[in-house]
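Residue numbers start from 1 in every chain, and the chains themselves are labelled A, B, ... in the order their sequence lines are given, proteins ahead of strands. The figures that follow rest on heavy atoms only: side chains count, while hydrogens, waters and symmetry mates do not. Note that the structure is predicted; figures quoted are calculated from it, not measured.
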Amino acid sequence: MKQRGLIPRKVKGFRDIDPALNEQRNRLVQVASKVYRSYGFEHWDSPILEYAECLGKYLPDQDTADEGVYSFRNPELEPILDMKGNGLRDSSNNVLMDNHLLSLRYDLTAPLARKYAEELWTGSGQTKSPTLFRRYQYGPVYRFEAKLDPGRYREFWQMDFDTVGSSDVASDAEACCILSDTLEALGLARGSYEIRVNTRNLHKGLFEKLGISDEGVARDVLRVIDKYDKIGEAGIAAELGEGRVDPLSKAKIPGLGMPLDQVQTLVNYVQSCIGVQGRENVLARLAPLLGDTPTGRFGLDELQRIHEILNGLDYLDNRVVFDPSIARGLAYYTGPVFEAVSKLEYRDASGKVRGFGAICGGGRYDGLVEKLLGIKVPATGASIGVDRLLELLRQTQQLEIAATGPVLILVMDQQYMLEYQKFAKELRQAGIAAEVYYGQKSKMKAQMSYADQRQAPVVVIAGGNEFEQGTVSVKDLRRGKELSDQITDRSQWLSDKPAQMEVPRADLVATVKGMLSD
RNA sequence: GCCGCCUUAGCUCAGUUGGCAAGAGCACCUGACUGUGGAUCAGGGGGUCAUUGGUUCAAAUCCAAUAGGCGGUACCA
């Protein structure tokens with residue numbers, strides 16, 4: 001029995017990212033950045049760590065990481081501040097200190113609100129007047145998820161763009177255009193995805209009509225309606241009323257226990273306006289249902305305006321649709337909300353057909369800065385779920401996975417090490433990635449295997465023979481691989497030295513370059 | 001959280017109704033005229049059959065608990 005030390009293991013929900021995935025992610029981020037920039041957004045970053053209290057309402061009550069946020073105590077003692085930003089003092093006039101609770105950011109919007117609020121904060125209890133701010137940002141965010149589905153992690157990337165300081169619905173319409181542009185720039189075919197738009201004001205209008213004023217009940221109802229495409233009308237009716245048992249999983253889903261007439265009204269609403277083709281048709285169906293409530297009317301106007309702008313810019317029904325069932329982040333969206341879904345499907349390892357779900361989400365959040373400063377600052381924006389979108393692009397083979405390795409310089413003899421380093425330097429100066437072999441196994445076969453495994457396109461070989469002749473041997477591994485298919489005899493394989501040439505030392509860079517460009 | 005299924009070498013799995021010394025493929029390592037990746041051939045290492053407890057003359061195989069995984073479902077800023 002072997003003695004072993006600690007067991008190496010990775011934290012659940014976190015991943016190691018290999019070169020291929022990194023490559024793909026960089027490409028995605030670059031393409032999206034270009035689109036965002038073209039709309040005038042500038043690139044900002046913010047820290048991964050924030051004071052828990054600044055991140056908003058989803059905070060753990062204790063020191064533990066629960067409620068979805070990773071938190072811990074700052075090792076540094078810092079003053080406890082009052083509402084004016086001054087340190088609190090005890091009766092003997094000493095400033096009260098605390099190890100403040102810090103949290104890993106769970107999205108990029110809350111830190112944006114913090115940054116923006118900080119700019120407006122003057123320290124004298126007053127605030128500057130809100131200015132227009134448009135930024136994009138990408139990077140990892142952290143959520144403590146109890147259950148991890150495939151493709152769902154505790155550390156994952158988001159890529160956001162936001163417009164802070166505008167209440168104009170045009171900026172919401174613009175967000176939809178940006179999402180559409182970005183997805184298409186990434187190679188998603190028009191028609192293979194859909195931006196779905198709704199506004200919270202329609203829901204508010206609906207509840208006004210139903211006489212539901214309880215925030216919690218409203219939220220429960222929306223949660224159910226949001227599941228329309230999953231469980232259908234009957235499912236919705238059941239979950240609003242008595243509850244149901246999911247036939248597949250046999251899981252009991254408790255109902256909301258609403259009175260029958262309310263259930264009926266809601267089902268009518270769902271029936272008449274969900275799954276309706278064409279934005280204008282959706283509006284036409286909604287008008288008689290909600291037009292008589294002030295908030296509903298307002299919501300209808302919002303959608304109408306968005307529709308006009310989208311239409312005028314040629315973002316038609318095959319790109320952006322209205323879907324009154326979608327709810328999204330109930331806790332903080334206040335107006336239009338949108339999400340992007342892919343209609344593509346793929347077969348997983350067991351041959352099962354699967355979809356991808358939402359790959360982008362966003363909406364208007366006019367209350368976020370208010371929580372920090374007490375003043376209302378309108379804002380809207382959206383976020384790409386980078387990892388999920390990457391998975392989509394990979395599964396549908398719209399991204400090449402190949403990451404090519406460097407040119408490898410074999411170490412045939414330690415006495416020429418300086419020369420090998422010079423080879424590498426010359427290649428690098430010509431813009432070619434080059435690596436000198438530093439492995440433990442000095443046999444040439446082992447070095448070749450390493451080159452193969454690293455996906456090196458070319459190998460440079462120079463031993464005593466070459467140095468005597470003033471030459472180097474350069475081997476094209478990619479070509480060699482093709483040729484190897486035709487060779488079955490080992491001695492022939494060895495003697496032919498396929499795709500290999502010996503050239504004057506001075507021609508090294510040019511020769512390698514030539515092989516790489518084929 | 002709830003329901004169901006699963007857990008045998010690094011990976012994918014086989015192991016018959018409990019019974020002969022725990023297997024295969026791939027991967028890995030070594031070698032095949034010693035300076036050449038592939039293919040082929042010949043060898044080789046590697047498993048407390050998830051863990052713990054129980055039933056039995058006998059358990060990878062039956063039972064229980066625990067852990068981890070998968071599939072639904074719920075939640076999801």
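Here the side chain of A/Asp226 pairs a donor or acceptor atom with the backbone of A/Ala327 at under 3.5 angstrom. Checked by atom type and distance alone, the side chain of A/Asn198 pairs as donor or acceptor with a backbone atom of A/Ile326 at under 3.5 Å. Judged purely by atom type and a 3.5 angstrom limit, A/Arg25 has no side-chain atom pairing as donor or acceptor with the backbone of A/Asp387. A/Gln447 places a side-chain N or O within donor-acceptor distance of the main-chain N or O of A/Val411, the cut-off being under 3.5 Å.
Comparing the P positions of B/A9 and B/U52 gives a spacing of 16 Å, expressed to the nearest Å. Going from the P atom of B/U55 to that of B/C63 covers 15 Å, rounded to whole Å. B/G19 and B/U56 are spaced 12 Å apart, taking the C1' atom of each and rounding to whole Å. Across B/A60 and B/G31, the matching C1' atoms stand 36 Å from one another, rounded to whole Å. Comparing the same atom, C1', in B/C13 and in B/A39 gives a spacing of 26 Å after rounding to whole Å. Using atom C1' as the reference point in both B/G47 and B/A27, the two lie 16 Å apart (nearest Å). Rounded to a whole angstrom, the distance from the C1' atom of B/G1 to that of B/U48 is 34 Å. B/C57 and B/U16 have their C1' atoms separated by 22 Å, given to the nearest Å.
Here B/G37 presents its P atom at 7 Å from CE of A/Met448, a figure rounded to the nearest Å. Look at CG on A/Asp220: it is 9 Å from P on B/C76, rounded to the nearest Å. As rounded to whole Å, 9 Å separates atom P of B/C76 from atom CG of A/Asp226. Remark: C1' of B/C76 and CZ of A/Arg154 are 13 Å apart, rounded to the nearest angstrom. B/G37 atom P lies 14 Å from atom CG of A/Leu408, rounded to whole Å. To the nearest angstrom, P of B/U36 lies 15 Å from OH of A/Tyr437. Rounded to an integer number of Å, the gap from CD of A/Gln492 to C1' of B/G38 is 13 Å. Regarding A/Leu222, its CG atom lies at a distance of 12 Å from the P atom of B/A77, rounded to whole Å.
No hydrogens or angles were tested; on distance alone, nothing pairs the side chain of A/Gln447 with the base of B/U36 as donor and acceptor under 3.5 Å. For B/G38, the base has no donor-acceptor partner in the side chain of A/Asp452 [N/O atoms by modelled type, under 3.5 angstrom]. Between the side chain of A/Lys475 and the base of B/U36, a donor-acceptor pair under 3.5 Å is found. Checked by distance alone, A/Arg152 brings a side-chain donor or acceptor within 3.5 Å of a matching partner on the base of B/C76.
Dashed line: the shortest gap from a side-chain N or O of A/Lys227 to OP1 or OP2 of B/A74 is under 4.0 Å. Side-chain N/O atoms of A/Arg105 include none lying less than 4.0 angstrom from OP1 or OP2 on B/A77. Put simply, A/Lys12 has no side-chain N or O that comes within less than 4.0 Å of OP1 or OP2 on B/A67. For A/Trp493 and B/G37, the shortest distance from a side-chain N or O to OP1 or OP2 is below 4.0 Å.
Using modelled atom types, one finds a donor on one side chain and an acceptor on the other under 3.5 Å when comparing A/Arg364 with A/Ser171. A side-chain N or O of A/Arg134 and one of A/Thr163 form a donor-acceptor pair less than 3.5 Å apart.
Nearest-nucleotide positions on RNA chain B for A/Glu239 and A/Asp476 put A/Asp476 closer to the 5' end. When each of A/Val224 and A/Ile461 is assigned the nucleotide of RNA chain B with its nearest heavy atom, A/Ile461 is the one assigned upstream, toward the 5' end.
Contact annotation for A/Leu410: no contact, since no heavy-atom pair falls under 4.0 Å across all strands. Within the 4.0 angstrom heavy-atom criterion, base atoms lie near A/Lys481. Using a 4.0 Å heavy-atom cutoff across all strands shown, A/Gln453 reaches no nucleic acid atom at all. Across all strands shown, A/Glu466 has heavy atoms under 4.0 Å from base atoms, whether or not it also approaches the sugar-phosphate.
A side chain to side chain contact (heavy atoms under 4.5 Å, CB included) with A/Ile384 is found for one member of A/Thr182, A/Ile359, A/Leu183 and no other, namely A/Thr182.
Cation-pi geometry between A/Lys115 and A/Phe133 is met: the NZ or CZ atom falls under 6.0 Å from the ring centre, inside 45° of the normal.
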Notebook entry, point to check: What do the steps show when you test A/Tyr142 against A/Tyr70 for ring pair (Phe, Tyr, Trp, His ring centres under 6.0 Å), and what is the final call?
Noted result: CA-CA 7 Å; A/Tyr142 302 84; A/Tyr70 286 103; 7.1 Å; no
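Each salt bridge (charged side-chain N to carboxylate O under 4.0 Å, His left out) pair with one or both residues in residues 434-450 of chain A, not counting sequence neighbours, appears once here: A/Glu435-A/Arg454.
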Item checked: Base-pairing string, 5' to 3', of RNA chain B - Watson-Crick or wobble, under 3.5 Å, | interstrand -> (((((((..((((.....[...)))).(((((.......))))).....(((((..]....))))))))))))....
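Taking every side-chain heavy atom of A/Lys443 into account, B/G31 is the closest of B/G31, B/G37, B/U30.
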